[in-house]
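Written below as structure tokens is the structure these notes are about.
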Amino acid sequence: MYLGVDYYPEHWDIDLMDSDLTRMVEMGVNTIRIGEFAWHMMESTEGKYNFTFFDNVIKKAKEYGLKVIFGTPTATFPAWLSKAHPSILSEDIDGRKRVFGGRRQYCFNSNIYRQYTRKIVEQLISHYRDEQAIIAWQIDNELGHEGSDLCYCDQCRGAFQKFLQDKYKTIENLNDTYGTIFWGQTYNSFDEIPIPKKTITSHNPSLQLDYARFRDYSINSYAKMQIDIVRKLKGEQQEVTHNFYGGFFDKCFNQKTMAQGLDFVSYDNYPVWGGLKEPLSPASIAMTHDYARGLKNKNYWIVEQLMGAQGHTVIGYLPRPNQAKMWSYQAMAHGCSNILFFRWRGMNKGAEQYCLGIIDQNNRTSRKYYEAEEFFKDISQYEELVNSEIKSEVAVLYCFDNIWSWKAQPQSSEFDFTNELVRLYTPFHNLNVNMDVQSVDCDFSKYKVLILPVMNIIEKSLAERLEKFTENGGIVIFSFRTGIKDENNNLYLGSVFPGYVQKLCGIEIEESESLQASQEIEILGQGTFENTIGTGKVWRDMISTTTAKVLFKYTDKFYSEKAAITCNNYGAGKVYYVGSGVDEDTLNIIAESIIKQADMQFEKTQSGVEVVFRKVHDIQHKFVINHNEYEVIYEGSTLKAYEVKII
Ligand code: GLA
Ligand code: ZN
């Protein structure tokens with residue numbers, strides 16, 4: 001089990017290294033990640049490569065018995081490069097060139113940048129290919145993060161037009177698919193097509209979806225270029241990874257594509273960052289781990305585990321004593337098997353002065369150090385357990401085309417895709433059901449329950465796969481605005497919503513309403529949910545049933561005969577349609593009934609107590625995680641605030 005910290009020895013006087021490494025080893029560190037932003041140290045002027053500094057760092061690390069993950073430094077190019085070649089700088093949606101000074105301001109479609117990337121990466125990997133202490137190469141850093149997924153420069157416009165020509169072949173085909181007849185936007189040639197910078201009101205929805213796909217293609221092709229170089233030159237003892245970030249559904253970057261080229265996925269776990277007044281919910285954090293695990297369907301690393309409060313210009317909530325340690329256990333519970341804390345010591349200069357680590361700028365050995373030490377000491381006893389496979393009977397399915405369709409047209413000012421996915425994930429998490437978070441094109445036949453949050457785009461082929469799943473006894477849960485669009489981001493003409501899954505759901509939707517901030521509507525339980533009162537936000541579909549049963553209906557004037565939540569028997573299975581952003585209490589009740597119907601392993605726990613089931617050698621283990629700031633009693637024993645027990 002690799003346990004360690006992110007270490008930037010270049011940030012301080014090199015004389016600090018011995019005492020740093022000594023304290024790290026005492027803390028239980030056996031691995032450090034280095035190098036990921038140090039391009040200038042390796043190439044201080046063009047073509048003058050020098051790895052002496054990192055040769056010494058690695059030599060010293062080996063004296064202390066440490067393994068090394070080395071990051072390629074392409075997230076932060078040197079100033080001399082952008083001065084010599086300003087065309088590498090990306091452009092924002094207003095056409096403003098990003099300037100040197102932050103990070104990741106390069107354009108993924110800059111051929112010049114790709115040439116310089118190739119050179120530094122070839123030099124770096126060749127230099128260290130035989131270094132036994134280096135166990136993995138990390139490609140760049142959080143590709144696409146902090147707004148770097150989007151670029152609107154002329155290089156990207158040209159590449160975008162080529163991307164479209166390769167896809168549509170003829171301009172007539174594009175015009176027809178996009179419906180450019182609307183607003184007289186018919187193109188005569190591909191070079192007339194704009195990159196969707198700011199315009200008056202909004203761009204064509206098909207163009208916007210293709211632009212998102214183009215961004216994803218741009219990032220993934222840049223990543224593949226680097227991965228190919230590393231694979232060609234690296235030692236066979238060295239693996240290849242990349243560190244993905246939270247907020248992954250907000251980006252025009254399908255990380256699963258990149259993950260296919262990696263030996264293992266790495267994830268950066270920041271349950272709270274920047275000016276948040278409180279951390280993400282336990283379910284929201286758990287979901288990110290299930291997503292990271294699902295990228296390659298295997299255990300993953302965390303190469304940046306938050307321990308100290310973090311932020312660039314604004315910081316926020318201070319993780320309470322043992323809370324970040326608890327989050328580290330939660331990560332291991334959900335499939336992380338190797339973990340590094342971000343960062344050894346906070347840097348006193350530069351843009352991340354407030355991104356605190358294990359040791360603060362006072363250089364004292366304090367609370368956070370001892371928490372990390374205790375965590376390493378304890379978790380290192382469970383190597384087999386944390387490497388065991390997680391078996392889930394529930395899968396939450398996402399599709400980036402669908403997410404990007406919503407990104408272009410949120411339809412409600414209150415809409416946020418991740419919130420809507422977590423809305424359906426949370427009730428099952430509350431009942432401690434193991435879940436996978438998977439791309440919709442996975443083989444989902446092995447699951448008992450499929451959850452498809454706000455799946456706007458459903459083509460016939462997906463509908464048929466879902467019909468087969470349900471006929472065989474599966475349970476499917478949809479939420480609002482399901483199946484209204486095709487893969488070109490166009491509404492279906494001539495078919496009633498929810499389109500291809502209309503028969504599967506046993507409903508028809510002719511009218512809907514977008515709900516804005518502070519708007520919520522009441523829904524009333526029927527049948528087994530008699531007298532249960534719930535609420536809906538964000539959106540509501542006015543559902544009429546054909547073969548489905550009404551579970552909840554609206555109560556307001558004009559719509560009290562319309563259903564809000566329905567359930568349809570289909571084959572040996574069932575299909576639920578949740579036609580609004582329904583509250584957690586109501587969904588908890590429905591989730592419990594589904595879990596019992598499907599006869600799935602679950603456990604009722606008090607609020608804030610998370611249980612994750614794991615099995616190794618047929619012996620069942622449970623991670624019992626107290627997310628509460630107060631102690632709780634679990635099966636007769638006390639868990640202190642933020643305490644975790646492995647039973
Ligand atoms: C991200 C980056 C790190 C650092 C942290 C700060 O995860 O990967 O380089 O900027 O955020 O929280
Ligand atoms: Zn660009």
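Numbering starts at 1 and runs along the sequence shown. As the structure lists them, so they are numbered: ligands from 1, and atoms in each ligand from 1. FYI, side chains are in, hydrogens and waters are out, and symmetry mates aren't considered; it's all heavy atoms of this structure.
- Cys336 places none of its side-chain heavy atoms less than 4.5 Å from the side chain of Tyr267.
- One finds a salt bridge joining Lys162 and Asp166 here, because a Lys/Arg side-chain nitrogen approaches an Asp/Glu carboxylate oxygen to under 4.0 Å.
- Near Trp273, the atoms of ligand 1 lying under 4.0 angstrom from a non-hydrogen atom of the residue are 6 (C), 12 (O).
- Between Arg231 and Asp263 there is a salt bridge, since at least one side-chain N of the basic residue sits less than 4.0 Å from a carboxylate O of the acidic one.
- Remark: Lys325 engages Glu374 in a salt bridge, criterion side-chain N to carboxylate O under 4.0 Å.
- At a 3.5 angstrom cut-off on N or O pairs, Gln310 counts as close to ligand 1.
- Close approach of ligand 1 to Phe37 is summarised as follows: ligand atoms under 4.0 Å from at least one heavy atom of the residue are 9 (O).
- Relative ring orientation between Phe51 and Tyr49 is described as parallel, the plane-to-plane angle staying below 30° on a 0-90° scale split at 30° and 60°.
- If you check which protein heavy atom lies closest to atom 8 (O) of ligand 1, you get Glu304 OE2, 2.8 Å.
- Interface atoms of ligand 1 facing Phe342, defined by a heavy-atom separation under 4.0 Å, are 3 (C), 4 (C), 5 (C), 6 (C).
- Using a 4.5 Å heavy-atom cutoff, the side chains of Val5 and Met307 are not in contact.
- Looking at atom 1 (C) of ligand 1, its nearest protein heavy atom turns out to be Glu142 OE1, 3.1 Å.
- Aromatic ring pairs are classed by plane angle as parallel below 30°, tilted from 30° to 60° and perpendicular above 60°; the pair Tyr128 and Trp137 is tilted.
- In terms of polar-atom proximity, Arg103 is counted as a contact of ligand 1, with an N or O under 3.5 Å from an N or O of the ligand.
- Considering only heavy atoms from C-beta on, Leu262 comes within 4.5 Å of Phe244 through its side chain.
- Protein contacts to the Zn ion (ligand 2) involving N, O or S atoms at a distance below 2.8 Å are Cys107 SG, Cys151 SG, Cys153 SG, Cys156 SG.
- Within the 4.5 Å cutoff, no side-chain heavy atoms of Met326 are placed close to those of Phe375.
- The closest protein non-hydrogen atom to atom 5 (C) of ligand 1 is Tyr270 OH, 3.4 Å.
- Ranking protein heavy atoms by distance to atom 10 (O) of ligand 1, first place goes to Glu352 OE2, 2.3 Å.
- Using a 4.0 Å cut-off to heavy atoms of Asp268, the atoms of ligand 1 that qualify are 7 (O), 8 (O).
- A salt bridge is defined here as a Lys NZ or Arg NE, NH1 or NH2 lying under 4.0 Å from an Asp or Glu carboxylate O, and Arg98 with Asp92 fails to meet this definition.
- The existence of a salt bridge linking Glu43 and Lys119 is excluded, since no basic side-chain nitrogen approaches an acidic carboxylate oxygen closer than 4.0 Å.
- Here Asn141 has side-chain heavy atoms under 4.0 Å from ligand 1, and that is the only part of it that gets that close.
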